[in-house]
Amino acid sequence: MTDARIRTITSADDPAIAAIAPLFVAMHNEMAAQGMLLRLAPEGAAIWLKSVGAGLERFGRLAVAERDGTIIGFAHAAVKLAPEHLGGLRIGHISHVYVEPKHRRTGIARSLASNLHEWLRAKEVASIELQVVHGNIAGAAFWRALGYADELLQMRKQ
């Protein structure tokens with residue numbers, strides 16, 4: 001298992017937030033290589049971090065993995081409502097889980113996901129959803145191993 005420490009970010013002033021930005025960019029570069037068609041906008045990491053920082057622990061959770069004082073991974077989830085025609089239920093949405101490649105296969109992603117799952121359970125969500133880029137075979141296998149099932153196929157035309 002891992003010796004990484006998983007920590008929840010509870011304030012937009014936490015200095016760890018700045019360390020997430022380069023990981024966010026690296027994650028988007030990997031997703032592009034795996035087939036994601038939309039690209040991260042200039043300053044996209046800063047824009048995303050500002051948006052999630054506003055509702056920490058109320059609407060969303062941001063967790064980081066630290067090893068020897070360095071942020072090596074992060075994860076984010078939010079609570080949203082399903083459309084009324086689907087019952088208007090509270091749904092958990094895991095938007096990102098990323099661990100630097102050299103730290104993968106050590107249990108860090110599983111620990112980050114567990115942190116998000118605990119928070120989402122406390123928020124009493126009916127189910128949890130997420131998306132995996134179609135070329136991310138390892139990512140899809142990871143989520144299936146955690147009990148997630150394929151549901152939708154997202155398609156895009158440019």
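Partners of A16 by side-chain contact (heavy atoms from CB on, under 4.5 Å), not counting sequence neighbours, listed by chain and number: R7, I9, D14, I71. Residues satisfying the side-chain contact (heavy atoms from CB on, under 4.5 Å) test with P101, not counting sequence neighbours, are E30, Y98, R104.
A continuous path of hydrophobic side-chain contacts links L23 to I17 [ILVMFWY only; heavy atoms under 4.5 Å]. M31 and I47 fall into different hydrophobic clusters, where Ile, Leu, Val, Met, Phe, Trp and Tyr are joined by side-chain heavy atoms under 4.5 Å apart, directly or via other members. No single ILVMFWY cluster, assembled from side-chain heavy atoms under 4.5 Å apart, contains both L152 and V132. Transitive grouping of hydrophobic side chains (ILVMFWY, heavy atoms separated by less than 4.5 Å) brings L40 and L38 into a common cluster.
The structure places NZ of K102 at 8.5 Å from CD1 of I72, a figure rounded to the nearest 0.5 Å. Between F74 atom CZ and L112 atom CG the span is 9.5 Å, to the nearest 0.5 Å. One finds the CD atom of E43 at 15.5 Å from the CH2 atom of W48 (value rounded to the nearest 0.5 Å). With rounding to the nearest 0.5 Å, the separation of CE in M36 from CE in M27 is 8.0 Å. Within the model, atoms NE2 of H76 and CG of L56 stand 7.0 Å from one another, a figure rounded to the nearest 0.5 Å. The CG atom of L146 sits 9.0 Å away from the OG atom of S114 when rounded to the nearest 0.5 Å.
Inter-residue side-chain proximity for Y148 and E129 is flagged as unmet; no heavy-atom pair is nearer than 4.5 Å. Q131 places a side-chain heavy atom less than 4.5 Å from the side chain of Q154. Taking the side chain as every heavy atom from C-beta outward, I20 and L62 approach each other to under 4.5 Å. Here the side chains of W119 and E57 are in contact, with some heavy-atom distance below 4.5 Å. Looking at heavy atoms from C-beta onward, I91 lies out of side-chain contact with V125 at the 4.5 angstrom threshold. A 4.5 Å side-chain heavy-atom check between R61 and L120 finds every atom pair outside the cut-off. By the 4.5 Å heavy-atom criterion applied to side chains, W143 and L130 are counted as neighbours. Using a 4.5 Å heavy-atom threshold, the side chains of I94 and I128 count as touching.
For the pair R110 and A145, the tightest heavy-atom approach, listed with the atom from each and the gap, is NH2-CB, 4.5 Å. Residues Q34 and V133 share a closest heavy-atom pair of O-CG1, 3.4 Å. Heavy-atom minimum distance, A12 versus G53: CB-O, 3.7 Å. Scanning all heavy atoms of the two residues, the minimum distance from V25 to A45 falls at CG2-CB, 4.0 Å. Counting all heavy atoms, side chain and backbone alike, A19 lies closest to P22 at O-CD, 3.4 Å.
In this structure, H28 and H96 have tilted ring planes: the angle between them lies in the 30° to 60° band.
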Worked check of side-chain contact (heavy atoms from CB on, under 4.5 Å) between M155 and L153
CA-CA 6 Å; M155 300 176 84; L153 172 65; 4.2 Å; yes

Derivation of the side chain to side chain donor-acceptor pair (under 3.5 Å) call for R67 and H103
CA-CA 10 Å; R67 181 177 281 154; H103 298 288; 2.7 Å; yes

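Between the side chain of S111 and the backbone N or O of G107 there is at least one donor-acceptor pair closer than 3.5 Å. With hydrogens and angles disregarded, a donor-acceptor distance shorter than 3.5 Å links the side chain of R90 to the backbone of K123.
No more than 12 heavy atoms of other residues, nucleotides or ligands sit less than 6.0 Å from atom CZ of R105.
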